[in-house]
Every structure is written in C-alpha cells, then in structure tokens.
Amino acid sequence: MQYWLVKQEPEDFSWADLLREKAVTWDGVRNYQARNNLRAMLLGDKVLFYHSVSDKRVMGVAKVGREAFPDPSASEADRDRWSAVELEPLASLPTPVSLAQIKAEAGLSEIALVRHSRLSVMPLTEEAFLLILKMGGWNDNKETIDS
DNA sequence: GCCAACGTTGGC
DNA sequence: GCCAACGTTGGC
C-alpha cells in the first residue's frame, strides 16, 4: 500500500464533483515529476484529495481505481509521454484539514505539499497520511480506511 | 492582485 | 549546453 496526495483547484474539479461522479480520469498532468508519481500508483493505493488556491484544504480520501494509462487529454503525438489514472472516492474527512494546520504540524514539515508547493501529485509516507486523517477527525484505525 | 518559485522554450 | 525570457502555479 502506497499513499499519495493530489491537488486540484475546486473550481476546476472539486471533491464534491468526485463524490457525485463516483470516479474520475485524473488526466492533464503536464509535469514530469508529477507524471512519474502517477505512473508509480498501484491499484488500491490511497490518495488524499487537496483543494488548492481558493480553499487550501485536504477534503477526503480516494483510491486508485485504474493504474496509469496514456493520457486521453494529450495530443496524439504526446499520448505516450503523459499518463492518467482513475480515482474513486472512499470517504470525506469529517473535518477538512487546512494547509495552515498542516504547516503548523511538526510531523508534516517535510511533506512535499509544504516543501514543494507547486508539485501536483506527490507521495506521502504512511505516517504523514495517517496523521492527516487523524487531524481530519478520522478516529478509527487504519484498517477502517483499508476496508 | 501580487509575486516567488519553478519549469520550459528558444536563441546563441 | 547555457541562460535569458517567458508562462504557470499557487500561497499570501
């Protein structure tokens, strides 16, 4: 099991949109580091969904529903250069976790969300992932989210 | 709205 | 291959 965080401006595609649509093709990533992270995702990996810019909060947990495939939003010539995955919603955080809270938490000072604010797809350690869940009011143990 | 950080492009 | 110019992202 690996853990990730993806960012999206809620005006473009929000957590509520994902809950409504039940699945989304996560395409349009045009940064190599982010793309490499997409390609490393495995079926069932857990993905925190973060609202950037206007909201700046972690909203919920999704899972990888399909591993990397050629990005359908890329031009024919670039189809193999860029990748997409599918994400499915798992659960909303009882209380979304703000960027300010994350920055104030010593245990999260090393995560890419803080250190590399422009990266849109990033890995998280299990510790960081579970800590953010806890900060979001997720009181159960990790087996709950795994089931 | 501003600007820092960063990635990409293209001239040389 | 270097680097200046430029575009984009995203926090503030």
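Since we're looking at a predicted model, the values are computed, not measured. Letters A, B, ... mirror the listed sequences (proteins, then strands); counts begin at 1.
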remark   = Rounding to 0.5 Å, atoms CG (A/D55) and CD (A/E11) come to a distance of 8.0 Å
query = Mind checking whether A/L124 and A/L113 sit in one hydrophobic cluster, side chains of I, L, V, M, F, W, Y counted as touching below 4.5 Å?
reply = yes
Point-to-point distance, once rounded to the nearest 0.5 Å, from OG of A/S14 to CE of A/M59 = 8.0 Å
message = Could you work out, with salt bridge (charged side-chain N to carboxylate O under 4.0 Å, His left out) as the rule, every residue matching A/R39, not counting sequence neighbours?
response = none
query = chain A on DNA chain C: first and last contacting nucleotide, 5' to 3', under 4.0 Å to a heavy atom?
reply = C/dG7 to C/dC12
key: Trace of the ring-ring contact (aromatic ring centres under 6.0 Å, His included) decision for A/F49 with A/W4   = CA-CA 9 Å; A/F49 191 107; A/W4 309 91; over 10 Å; no
remark   = Taking every heavy atom of A/L38 against every heavy atom of A/A84, the minimum-distance pair comes out as CD1-CA, 4.5 Å
message = Can you list, in residue-number order, the parts of residues 48-57 of chain A that come under 4.0 Å of DNA chain B, counting heavy atoms only?
response = none
key: Any donor-acceptor N/O pair, A/R79 side chain to A/A74 backbone, under 3.5 Å   = yes
